[in-house]
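Working notes, beginning with the structure itself.
Not measured: the values here are computed from a predicted model.
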Amino acid sequence: MDKLLQFGRSMLQPLLAVFVGLAAGAIAIVIVGGSVAETYAEMWKGAFGSFYFFTNTLSRATPIILIGLGVALAFRAGFFNMGSEGQMVLGALSAAVTAIYLPGPGWFKLIAAIIAGIISGGIWSALAGWLDARFRMNLLITTLLLNYIAALFAGYLVSYPLKDRTGSAAMAQTVMLDQSVWLPKLFKGMSLHAGFILAAVGAVLLFLFMRYTVKGYEIRMLGGNPLFASYGGVQRGKMMLLSMFVSGGFAGLAGSVEVLGTQYRYLDGALTSPGYAWSGIMATLLAGSHPLGTAIAAILLAALQTGGMGMERNTEVPLEVSSIIQAVLILFVSAKLTYSFIKRRKARS
Amino acid sequence: MDQLFDVSLFASTLRLVTPILLAALGGALCARVGLFNVGLEGLVLMGAFSAIVGNHFTGNVFAAVIFAVICTIIFSILFGYMSIHLKANVIVVGIALNFLALGLTTFSLRAVFDVKGAYYNKDMIGLPKWEIPLLQDIPWFGEALSGHSPLVYLSILLVIFLQLFLFKTVTGFRLLAAGENPTAAKSLGIKVARIQYGAVLMCSVLCGLAGAQLSLGNVTMFTEGMTSGRGFIALVATMLGQSNPLGVAASSLLFGFMDALSIRLQGFAMPTHFTMMLPYIVTIAAMLFFKDKNYMQEARKSNESSR
Amino acid sequence: ACGSNKNDAGNATNNSAATNNAAGETKEKKKIALVLPEKIGVNKFFVLMDEGFKKAGSEFGAEVKTIESTDPAGFEQNLRATVAEDYDLIITATFQAEDALKKVATENPDKAFAVIDTVVDLPNVRSVNFREHEASYLMGALAGLATKTNIVGAVVAMDAPLLSKYTSGFEQGLRSTNPEAQFLVNYVGSFTDPVKGKELALLQHSKGADFIAGMAAVGDNGVFEAAKEKGFYTAGQDTDRTGEDPEHIVLSQLKGTDAVAYETVKSFVGGSFAYGVADYGLKEDGVGVTFITRDSASALSPFIGQENVDQVKAIAEDIKSGKTAVKNPLAQ
Amino acid sequence: MLLQMDSITKSYGSVTANSNVHFSLRKGEIHALVGENGAGKTTLMRILYGMESPTSGEIQLNGKPVSLGSPADAIKHKIGMVHQHFMLFPTFTIAENIVIGREPSKGVGFDRKAAAAETERLGKQYGMLVDPWKKVAECSLGMQQRVEILKVLHQGAEVIILDEPTGVLTPLEVKELLIAIKGLAAQGKSFILISHKLQEIMEVADRITVLRDGKVTGTVEAKDTNVEDLSRLMVGRDLVHISRNETNRGKLVLEVSNLSVNGAGAKALLREISFDVAEGEIVGIAGISGNGQSELIQSISGLLKPDKGMIKLLDHDVTGAPVGAIRACGLAHIPEDRYQWGVAKDATVTENGLMGHARKHQKYGVLSGSGIRRMVGEWVTRFGIKTGSLSTKAQFLSGGNLQKLIVARELAQKTPFLIAAEPTRGVDVGAMEIIHGELLNKRDERGAILLISSELTEILKLSDRILVMYEGQIAGELDASSATEEQISLLMAGGKAVG
Ligand SMILES: Nc1ncnc2c1ncn2[C@@H]1O[C@H](COP(=O)(O)OP(=O)(O)OP(=O)(O)O)[C@@H](O)[C@H]1O
Ligand SMILES: Nc1ncnc2c1ncn2[C@@H]1O[C@H](COP(=O)(O)OP(=O)(O)OP(=O)(O)O)[C@@H](O)[C@H]1O
Ligand SMILES: [Mg+2]
Ligand SMILES: [Mg+2]
């Protein structure tokens, strides 16, 4: 009963926020002369309107969930990992390269590619952790900067040595992966692929790990107060490398499943332009670094995006306005509306 | 070597660095009051767009700059209200604002000028280029330092002004206090929220100027997304300079210089992708010297009792 | 900004004369979608295409809808959605569309597709391809003849394969007329950065370039501004941009995407739509250069000079006839 | 009556911190507020200072009702507060910390020279000398306490609230502080003094109000009462006096030899320290804070790498070993600063209790929730820790209760060796008895304890041997049975040992 009440209270805030966000979005729609009901209906349809669109939303959410989980882990350990983008790019590239050049049967290459993606994303992230632990370089800055370096490096590889020379050869991309290494689709004719299962399992595992294991406990305490953790015998340096590695590993996995499940090749810019990394960070922050919450927030953000596309396709509301509405919704969802609301009510009573 | 380090390199550095520096100073003010402003990119974009709008309607560049500042202030109030008043996560707000700014400017570009992508009008006059009387006659320096837009010189003055403001004035002192230990500041009756709003507003003024320099100083046009990541570079400069105006200036200049240099390195043997990495790699290397606060100090600070 | 962008332009004065045969007024209105792999935004290439598409829609009485995408993943989704929403013809464009189109077109063999600016070899897809390098070649040849300093430059958006069609074509042309000339290339690293584009042009000018071609999408605007400030000569892409500043913007490379979009809609409504590959180069008048292949409303700049124009017109004829071969850097 | 608080009630959800409290203050009076940990003293004072709004009740100043919605209001009404935990800006200078909020200015400029002069003048006027240009981070706790009080005086406060001001001070510093308070009261300032040290209270207070479970159990004139009556009022029962058993020294547990730590500055923080602790004994370390005790504790527990020397724990060389390894070897540690080292404020009581115990409550790396809750629940009853529930966040515990949680956690490690740094800082008399009892118990069970305390009575009461530290060295060793406060104080101040 108590738990139920607590749950209800914790749901009040996001619900209220979504409500206010929709109201604010409605104002934007009215300003451009759209019909609020129709626009939101199209948005809903684009995100959840049918099984097809629902799975579409989930497939878009897949990399966001994985990135969000990685970021959540690092945040929980007290490390501000802003480098998901670079980690994802390198993970994706390594997965593609492994899948293309490794000999062996398809299933073997697929697994190897996923592992390669996780490892290279993890190493890139752990590098930032190492620079911080060893040289006291601010992690926030290094991770941000390493993004640019990773993107340029990957860009170079696919523009020159690894470039796809079959076909029109006009894109900076690797060759298409052999069909045997593609991640299977979950439903025929839908874009949702097995990567989503990985993301969902990842969320549950991370949740269980953080909550019920010794290491998870240590990571949480390290994030809560690093002095307390080190006083209790947690080794910050080691933990930093470990948690940054796992954090980057999630981002690398995100890149890998995009390559193996959606694009079937590494295409320069295909992972950076949708802003998956920023969405992932937002999902994490919206959920207060709770793994399951992060997954839900990621789906919500993905739904806003796919909904926005639906809105653009089927109404006269232009694409820019749909991005305005998305931003407004996010802003309000992030606001701790109940905070001031409850406080005020208390003061009065 | 002569090819690399010519006068135009320094002139170009100064021009390219001004918007970054202005935004980074704004970021530093926010950081000083405990608001990590990821929304610089969006604020600068707003500034760049509204400067062009102002110019279009008033036909006066200075009025346009003022207009840009006002619009950016209005936009930043949203940032302040969300993160200070409604206690939203400041980073989420920053990211969302970046998206919002991109959407709003693109949309308004169409609404105001009825064009897509870029607004350019050859009759539009940008910020004047000031030749500085004595300076311009000094052989090498004159060429590098003279003949820039007023905002370039203003940004240099602002660095000094902010340094003095933060460390020499009462208001600056309280601003530092509010960021250093908000609980203690509140316990002294200092209005921390009000100071935070103040910092956000000052930041938006600076970002407005940064945007104006971009769209009326560096070039005279607005194009969709023309900030091209400069706001994030400014964020790095803010952190690297440890939110000290002089430090921020130094790190912005370092980055700007390396950026200008990397352009010149294009075409020398190395692939472009690698020359483009140069500013980022050098910035990381510079961090070896700009040592950050120890995590212990950081942790001590955040684990003072709140009761 | 990502992905890519193709510029260029052939101003393709649409042959609006051929319109009024009013083919299918009696039949039900055809539903045609133009699904773009990115936002139209700053991209003249897409702007033109959209214009040609809409124009054809209203002239031939088709129901047309342009759908922009925010990113590659969103593009595939939009493409699938248009299939689901049962458009009669789905037009898309650029290399970026290739992967998704291959998948979707294979899965929907009964649906009609068209793709502009790349080739997708499927029975239900009509492909239209451009040979931009031929136009670039002409521009390079002209630049080689016109330069007084023997240094010419190009400010390019990104060091990416698809843009080498422009730089390589340009360089081949330049070499053909002026083997001595130095060719400076600088990359902006973005499609949306006029500020850096301008700095790069200023740099090239300071190194002595007197003709600097803009190949940087929006960055071109920055190049133009630098030209105006410093008094060198420059060239634009896609449409005839000489009108913006005839004194300095002395040439434009053209690419007829609007005409292609227009023709595609027209042929579909009129029933003459055919699958397969159509290739547009100089010969087909799909690409070109102002003054050489097309007249311009602006006066010819003395920097270029009628004499050089005549010489390059001859080169253009050689390319059309196959006497001169322009190497496509993307073909091996 | 200068100040009157009527029927103040304050509840946090299900916890009632204050219930129908009446409290008054006369001009020039020193009014002590005492009570067990979590009785609601701090809460009541935070209400008076405008930092919390009461659920119900009224406050009158000079007979007129006032609304104190924020500290700014309180300061306007000349109410100042020195908080239980310092509210200072460590990177700022003393002068800056004192004048903040009412800075002397030249135009818009902050006149730091004038601030320093003002600080010096204040210091002289109230007999609390400070160095205005020194950074607060570099000051001893006693100095920081002075800064806090000078800050309040600079604000022009007439009513000054002191929440456990002596908790961190050495006896000498306490004495100075009490004299200063008396002097100020004679000059017409009024004080509300919260303290768990009843002796001090009897020494300076005019009136005493006792709180228990958020309710006033009595207000008495100081001259009409004594320490025993007071503690009965507070705790609701008589305190049992614990007695010490004689034990004999067993084998050596901790051996420290020639331990040195070089600081950033020229002066070494620890110089060639050697001592040992054996089974069945408590070795007390006395000294003014800042004389190397922190570095010594941190070196032994592995938080700081010593530059020279050796530390042996149960015959293992643990010099410079990681904390985890040393703990595994047999160390438990009650840290000196509970907020910095002892807890994660945002974590729950259970989670904070689990630190160091996780290995015992896991199988294959998976924690057993029920076992952990049983363990922490047992501590809560045994030490009388007042907490809403086991999943209350640590930051909501009162200072003393948090201290009890930490002590319970470290005692439960059941290690052969325990560092107990300021084990009773901020705890009430009842809890102090319990903690002292537990420490002696551990000693009787052949444990070895290194006790560091600024409280000489505590050192004298518990220790078998006493070491005094001065400027990073051991200035002398005394046998507890014969040592006196005077002897220790002399050594602490740098004098030579006599006898
Ligand atoms: N913000 C809060 N939320 C929930 N409970 C609180 C909060 N603040 C205080 N409490 C509870 O109110 C009670 C009174 O706390 P308070 O700090 O006033 O005690 P105290 O008398 O000062 O104790 P101590 O002597 O240990 O300092 C405690 O039980 C504490 O846990
Ligand atoms: N690392 C931890 N630190 C503190 N508390 C924890 C930790 N892990 C779990 N808990 C507490 O335990 C609760 C859940 O534990 P769990 O559901 O495993 O209990 P249980 O089923 O009774 O335990 P078990 O069956 O393993 O003995 C959580 O609500 C949490 O408060
Ligand atoms: Mg208290
Ligand atoms: Mg307390």
Q. Under the side chain to side chain contact (heavy atoms under 4.5 Å, CB included) criterion, do B/V219 and C/N221 qualify, and how do the steps go?
A. CA-CA 9 Å; B/V219 291; C/N221 290 322; over 6 Å; no

Q. Could you walk me through whether C/L202 and B/R15 pass the side chain to side chain contact (heavy atoms under 4.5 Å, CB included) check?
A. CA-CA 12 Å; C/L202 290 174; B/R15 279 193 301 267; 3.7 Å; yes

**Q.** side chain to side chain contact (heavy atoms under 4.5 Å, CB included) between C/F46 and B/K116, worked out
**A.** CA-CA 11 Å; C/F46 290 135; B/K116 273 202 142 187; over 6 Å; no

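Both the backbone and the side chain of C/V195 come within contact range of chain B, each with at least one heavy atom under 4.5 Å from a heavy atom of that chain. For a residue to count as touching a neighbouring chain, one of its non-hydrogen atoms must lie under 4.5 Å from one of that chain's; by this rule B/T220 touches chain C with backbone and side chain alike. Neither the backbone nor the side chain of C/L184 comes within less than 4.5 Å of any heavy atom in chain B. With a 4.5 Å cut-off on non-hydrogen atoms, C/E225 touches chain B through its side chain but not through its backbone. Only the side chain of B/D259 has a heavy atom closer than 4.5 Å to any heavy atom of chain C. Residue C/K196 touches chain B through both its backbone and its side chain, counting heavy-atom pairs closer than 4.5 Å. Contacts of B/T272 with chain C are made by both backbone and side-chain atoms, with heavy-atom separations under 4.5 Å.
Within 6.0 Å of NZ in C/K230 there are 12 or fewer heavy atoms belonging to other residues, nucleotides or ligands.
Pairing each heavy atom of B/M221 with each of C/P194, the nearest pair is SD-CB, 3.7 Å. For the residue pair B/Q266 and C/V185, the shortest heavy atom distance occurs at OE1-O, 4.3 Å. Between C/E199 and B/L16, the closest heavy-atom pair is CG-CD2, 3.4 Å.
We find the CE-CE distance between C/M158 and B/M276 to be 8.0 Å, quoted to the nearest 0.5 Å. Rounded to the nearest 0.5 Å, atoms CE (B/M226) and CG (C/D193) are 7.5 Å apart. Note: B/E224 CD to C/F191 CZ = 14.0 Å, rounded to the nearest 0.5 Å. In this structure, CG on C/N186 lies 9.0 Å from OG1 on B/T275, to the nearest 0.5 angstrom.
In terms of non-hydrogen atom pairs under 4.5 Å with chain C, the most contact-rich of B/G126, B/S228, B/G229 is B/S228.
For the pair B/N218 and C/K198, the minimum side-chain heavy-atom distance is 4.5 Å or more. A 4.5 Å side-chain heavy-atom check between B/Y120 and C/E244 finds at least one atom pair inside the cut-off.
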